[in-house]
Amino acid sequence: MLRDRIRGPLAAAAAVVAAAVVGGAQSPSPAPGWLDAYREPASRLVGAALADTAAWTRVAELTDTFGHRLAGSKGLEDAITWALAEMRQDGLENVRGEKVLVPHWVRGRETAEMVAPARHSLVMLGLGNSVGTPPAGIEAEAVVVRSFDELDARGAALKGKIVVYNVPWTGYGETVRYRSAGASRAAAYGAVGMLLRSVGQPGLRTPHTGALTYAPDQPRIPAAAIASEDADRLQRIQNRGETIVVRLMMEARMLPDAESANVIGEIVGRERPEEVVVLGCHLDSWDVGTGATDDGGGCIASWEAVRLMKKLGLRPRRTVRAVLFTNEENGLRGGLGYRDAHLAELANHVLMIETDGGVFRPLGFGFSGNDQARATVKAVASLLAGLGATRIGPSGGGADIGPSVQAGKVPSMSLDVDASLYFTIHHTPADTVDKIEPTDIARCVAALAVMGYVVADLPTRLGQ
Ligand SMILES: [Zn+2]
């Protein structure tokens, strides 16, 4: 499906892009004088990022070796040990794991099957944090609804039923609330189980997992995602007036919290080491696929950006810190743990950048901060004209950096990429490294390295 990987011309492409960076003529408004000092280091960073396939190779090594990295798994802990050792080998400074306790949810075996009006298996994935069923499973009449309004309209008639939410994909924000809250909303009417049309762009009968959150005042019922094709089929059968019976079996269970760690590596600032620019991502993933796009690629790109600064001898005025947060997917404990461990230091966080939207072709950054800071990062982004990544969107941030950004009122940024494939593979068995182009992730590394380095080196602190 994706183009063949062309490694040879990367170096030539790097030369062209690096030349465009030095030229820097694409900026519509006159470039501020301070920017000139950064054209040379920016072009070196871009050139180094595009010179080889180091980033892609490292994502492949991470995901091939350790596989999925769900919180509490051996894969995640082994990946953390590996990342710490590799960062030290790269020459990053103050490399350390900062302890965090993470939830330990285990999927176990699981099946879903329509048993009436005919017997057909459903392609499913249990939702993260779901409870399991009794060992024999549950069997109940299924009722398909298209919205919470329809759920509420059926109300008490849902007692003892399995509710099937068949909500078409209209974007993540609008649709994900059915995954998060749907089980408890159905349980409030006495439902005994919940199935959900997968939250994502329709694929090839692909189920998408993801976390649910139980309301504290409702019974916890087992919940799973099914492929959109299966949800549509159940809908058609119901529309024909037939009664559907579904059997659901899930061994899912929550174990006691497990010990994990946020992985940190730095280049210590040469003038104001206490002031920090964070490049963040999350190292954990769902337990299907190998978490290459969500978010192994984001972690490797953030880490590579810092490694390149070190390799090129670029030590900025302020500290640049790569943070590979543990446990975003089903608990956000990495981001919460970082906030708590660094509370006193958050006022010295100059900027936090999150890369968790995939490492496809970069377009620029989303940014949240004051107008002065926005003008500055716009000027910095003009150095990325050769990459086509100059766009600064109206808001930026991310789940992992969110708690710190909120607590410390830290300016925040997210790498923006061409996301056309993202929600097709998001939280599915198809999230593997072959969906990532080496040139795309190399460009992401270049964009992150230039933005991170320049903001960390600015003569005046960002936004002041
Ligand atoms: Zn993610």
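Every number for a ligand or one of its atoms is a count from 1 in the order of the listing. Remember, it's a predicted structure, so these values are computed and weren't measured experimentally.
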Item to check | N, O or S of D295 under 2.8 Å from the Zn ion (ligand 1) | outcome: no
Item to check | Pairing of R69 and D78 as salt bridge, 4.0 angstrom limit | outcome: no
Next on the checklist: One thing to verify: whether E93 and K310 come together as a salt bridge, which I'm taking to mean a side-chain N less than 4.0 angstrom from a carboxylate O.
Outcome noted: yes
Item to check | Identity of the N, O or S atom of H282 lying closest to the Zn ion (ligand 1) | outcome: NE2
Item to check | Angular separation of D356 OD1 and D294 OD1 about the Zn ion (ligand 1), given to 10° | outcome: 90°
Checklist entry - Do you see an N/O/S atom of E329, backbone or side chain, under 2.8 Å from the Zn ion (ligand 1)? => result no
Checklist entry - Is it true that R317 and D457 make a salt bridge, defined as a side-chain N closer than 4.0 Å to a carboxylate O? => result yes
Checklist entry - In terms of the angle between their ring planes, are W169 and F423 parallel, tilted or perpendicular, with boundaries placed at 30° and 60°? => result tilted
